[in-house]
Protein chains: 2
Amino acid sequence: MAGQRETEDRRGRDSLGARTAKRVTLRDVAEAAGVSHQTVSRAINSKGEIDPETRRRVLDVARRLRYRPSRFARGLVNPEVVTVGLIVPDVVNPYFPEFMAGVFAAADQRGWQVLVASTENSRDRELTLVRSLGRQVDALVAYLSHPDAQLEPYVGGVPLVIVDRGLDSSTYALVKVATADGVRAGMRHLIDRGHRRIGMIDCEPVCDPLVRRRTFLEVAEEHALPIDESWVVVEDQSLDGGAAAFEALHTAHPDLTAVFAFNDLVAIGALRAARRLGVRVPDDCALVGYDGLSVTDLLDPPLTTLHLDKRRLGELAVHQVDQLLAGELPPPAVLTPRLNVRGTT
Amino acid sequence: MAGQRETEDRRGRDSLGARTAKRVTLRDVAEAAGVSHQTVSRAINSKGEIDPETRRRVLDVARRLRYRPSRFARGLVNPEVVTVGLIVPDVVNPYFPEFMAGVFAAADQRGWQVLVASTENSRDRELTLVRSLGRQVDALVAYLSHPDAQLEPYVGGVPLVIVDRGLDSSTYALVKVATADGVRAGMRHLIDRGHRRIGMIDCEPVCDPLVRRRTFLEVAEEHALPIDESWVVVEDQSLDGGAAAFEALHTAHPDLTAVFAFNDLVAIGALRAARRLGVRVPDDCALVGYDGLSVTDLLDPPLTTLHLDKRRLGELAVHQVDQLLAGELPPPAVLTPRLNVRGTT
DNA sequence: TTGTAGGCGTTATCAA
DNA sequence: TTGATAACGCCTACAA
């Protein structure tokens with residue numbers, strides 16, 4: 001029998017451990033067990049209509065042959081498990097795990113699965129990942145910095161939700177962060193406490209069009225604060241950047257009484273620099289961060305910060321996916337940071 | 001034409017946004033474009049043998065129909081993209097993102113994808129996830145607490161790598177952590193610095209058979225330290241647990257000069273309690289943590305800790321997958337924590 | 001350049 | 001209880 005020989009050939013190659021070994025299929029198991037492939041399927045899937053004895057025998061053979069069902073063949077036949085692709089810039093930055101947790105929770109609630117990939121902060125990888133991951137999933141949730149036009153050739157029709165990108169979109173679903181409102185809340189807090197000489201530590205944003213700095217300066221003008229652009233220092237988005245920026249501010253304006261930081265990471269750096277310089281926080285100088293990372297809570301003093309519910313952000317993203325899969329392009333979802341007053345103001 | 005009508009029916013349902021809408025296939029596009037499904041395939045996959053004009057027309061139709069290739073059908077025919085399932089107890093605990101980063105990096109290097117799920121520290125979910133995720137992937141990397149025997153019915157033949165479970169295995173691949181060696185290194189460090197009255201904050205381990213405590217007491221005995229089991233306090237694995245434990249130790253043994261903590265989290269809690277109690281660290285009491293979380297570096301003083309390279313742990317896990325996919329059950333990979341002396345000793 | 005036939009591994013349906 | 005046959009959506013090979 002030709003079929004018989006062919007199967008033997010396969011086994012032969014398999015036992016050589018060759019990489020090209022053909023996969024063991026239901027039919028292979030069936031042949032080896034002397035039943036039809038259908039019976040094997042019943043045994044594997046614990047369907048009722050099968051003799052317990054046959055079942056046991058078949059499962060035995062299957063195990064011996066190291067049979068594993070093909071997820072592709074299964075997916076082809078069954079109602080698919082929805083799989084969402086998730087692209088983040090960096091898994092280790094504590095901002096993103098919280099966001100991911102929200103995505104996982106919301107996905108899990110719907111019985112969906114999540115395929116995760118990290119761009120490692122590479123703008124190029126961002127594009128290639130959109131393409132490669134996009135082919136493998138039913139929808140994509142992604143932190144992206146590129147504008148729509150540059151994204152378009154890579155998206156290839158996958159329903160896409162872009163999170164916290166500074167740009168609007170008429171093509172893709174969005175989850176936005178009301179950064180300007182956050183900055184205003186933080187500034188109002190400082191001003192309410194009597195601060196007027198407020199410095200700002202800014203960073204080069206990836207695509208965000210300087211919302212923080214612009215809002216900062218707007219608020220300063222509205223309240224006629226005695227400050228100009230020399231009170232804004234731009235540094236790396238890192239601990240060291242934050243520390244350097246604080247030193248620069250402190251040197252240029254020794255009389256400053258408060259600092260608004262681009263995010264918690266640089267705020268922590270600033271806190272360190274302050275300690276080194278003998279500047280007491282908050283007595284000599286108040287400090288406000290941005291993001292609400294949970295680590296800020298471990299610090300001494302704990303950081304006053306604009307807390308963004310990153311978990312909720314992830315849930316919102318999945319909710320946008322819901323609507324995309326239902327065939328609609330939903331309006332952007334917006335999340336506003338909430339001021340969390342703790343020890344540094 | 002029946003075929004034609006059927007296609008219209010599908011579209012009709014689609015535009016109602018029905019969940020049950022049939023998926024748009026190559027053949028649908030072919031029909032709408034008046035070509036064979038084969039021609040559509042060529043257009044979609046940018047094969048050479050096609051008239052540019054036809055190609056453009058077909059792609060147009062495909063876009064209009066929102067056609068998306070089925071990843072399952074493709075996977076069935078093409079060499080598969082390897083997908084690794086990753087099960088962690090908790091994404092937000094800073095321990096795991098670092099581990100995940102290692103898995104991602106190693107997977108990416110091999111062109112593999114990673115499907116992530118979290119058990120949310122539920123032992124039951126652990127089992128169901130092993131089963132459900134296991135059906136969707138080529139191999140599984142997982143933090144698991146169950147012993148092999150309980151796992152077995154859920155694994156169903158997926159190559160499985162278990163990470164940092166206290167138990168050995170003859171069935172599954174392992175990545176182990178040399179916890180005892182770590183504890184010894186930490187204790188040796190304290191003893192070298194002249195400490196003899198050392199307390200320990202322990203926690204209920206999930207499956208780990210009390211390695212830390214046992215090793216701690218062994219070392220104490222070997223060096224004839226003047227301590228007994230009353231120097232070990234068991235508390236919750238949390239900030240508050242750590243704080244409570246430190247207070248308990250300090251109350252019971254006011255003369256202690258050092259504390260060895262179950263992990264960094266409880267160590268940070270202890271650090272807070274110490275500050276509240278007016279105990280200066282490290283002058284009055286030294287403190288050693290375990291894990292080497294990157295946040296311990298932001299603290300003041302930064303924590304002396306047994307640093308485990310969690311990224312490397314993830315890479316090792318993927319390497320174990322490599323070998324499982326090649327058909328071998330590799331011996332356990334072992335990683336030893338490294339003492340990182342910083343501000344608290 | 002385009003179309004037809006067959007198969008990938010699985011499950012569902014229906015007949016034996 | 002079991003088995004034959006036909007999908008599922010795509011791709012490769014070959015024929016037109």
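Here is the naming used below: chain letters follow the sequence lines, and residue numbers restart at 1 for every chain. Values below: every heavy atom of this structure, side chains too, minus hydrogens, waters and symmetry copies.
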Problem set entry | Rounded interatomic separation in angstrom, taking CZ from B:Phe72 and C1' from C:dG9 | 13 Å
Exercise. Under the 3.5 angstrom rule, does the side chain of B:Thr39 hit a backbone N or O of B:Val35 as a donor-acceptor pair?
Worked result: no
Seminar exercise, completed: Taking D:dC11, C:dG3, C:dT11 as options, the one with an atom nearest any side-chain atom of A:Arg74 is C:dT11
For this session: Ignoring hydrogens and angles, state whether a donor on the side chain of B:Ser145 or B:Arg123 is under 3.5 Å from an acceptor on the partner side chain.
Result: yes
Seminar exercise, completed: Here the distance between atom P of C:dG9 and atom CG of A:Asn45, to the nearest Å, is 17 Å
Seminar exercise, completed: Whole-Å distance, A:Arg68 CZ to C:dG9 C1', equals 14 Å
For this session: State whether the distance check finds a donor on one side and an acceptor on the other, under 3.5 Å, for side chain A:Gln38 versus base D:dT1.
Result: no
Exercise. Would you say B:Ser41 reaches D:dC10's phosphate, i.e. side-chain N/O to OP1/OP2 under 4.0 Å?
Worked result: no
Exercise. Can we say A:Asp28 and A:Arg23 salt-bridge, meaning some charged N sits less than 4.0 Å from an Asp/Glu carboxylate O?
Worked result: no
Exercise. Quick one: is A:Thr39 getting a side-chain N or O under 4.0 Å of the D:dG3 phosphate, OP1 or OP2?
Worked result: yes
Problem set entry | Among C:dG7, C:dT11, C:dG9, the one nearest B:Val77 by side-chain distance | C:dG7
Problem set entry | Separation of atom CD in B:Glu31 from atom P in D:dG9, rounded to whole Å | 13 Å
Exercise. With the threshold set at 4.0 Å, does a side-chain nitrogen-carboxylate oxygen contact exist between B:Arg63 and B:Asp60?
Worked result: yes
Exercise. When the nearest nucleotide of DNA chain C is assigned to B:Arg135 and to B:Ala73 on a heavy-atom basis, which residue is associated with the more 5' position?
Worked result: B:Ala73
Seminar exercise, completed: Out of C:dT1, C:dG9, D:dG3, minimum distance to the side chain of B:Thr54 belongs to C:dT1
Exercise. Which pair of heavy atoms, one from A:Ala30 and one from A:Ser36, lies closest together, and at what distance?
Worked result: CB-C, 3.6 Å
For this session: Could you check how far CG of B:Asn78 sits from C1' of D:dC10, rounded to whole Å?
Result: 8 Å
For this session: Write down the distance between CZ (A:Arg27) and C1' (C:dT10), rounded to a whole number of angstrom.
Result: 9 Å
Seminar exercise, completed: B:Thr25 has its side chain closest, among C:dG3, D:dC10, C:dT10, to D:dC10
Exercise. Would you say the side chain of A:His37 and the base of D:dT2 hold a donor-acceptor pair, judged only by whether the two atoms sit under 3.5 Å apart?
Worked result: no
Exercise. Reckon B:Ser36 has a side-chain N or O less than 4.0 Å from the OP1 or OP2 of C:dG3?
Worked result: yes
Seminar exercise, completed: Per atom distances to the A:Arg42 side chain, the nearest of D:dT2, C:dT1, C:dA12 is D:dT2
For this session: Could you tell me the separation between the CG atom of A:Asp28 and the P atom of C:dC8, rounded to a whole number of Å?
Result: 10 Å
For this session: Find the distance A:Leu76:CG to C:dT11:P and express it as a whole number of Å.
Result: 11 Å
Problem set entry | B:Leu26 or A:Arg55, whichever maps to the more 5' nucleotide of DNA chain D | A:Arg55
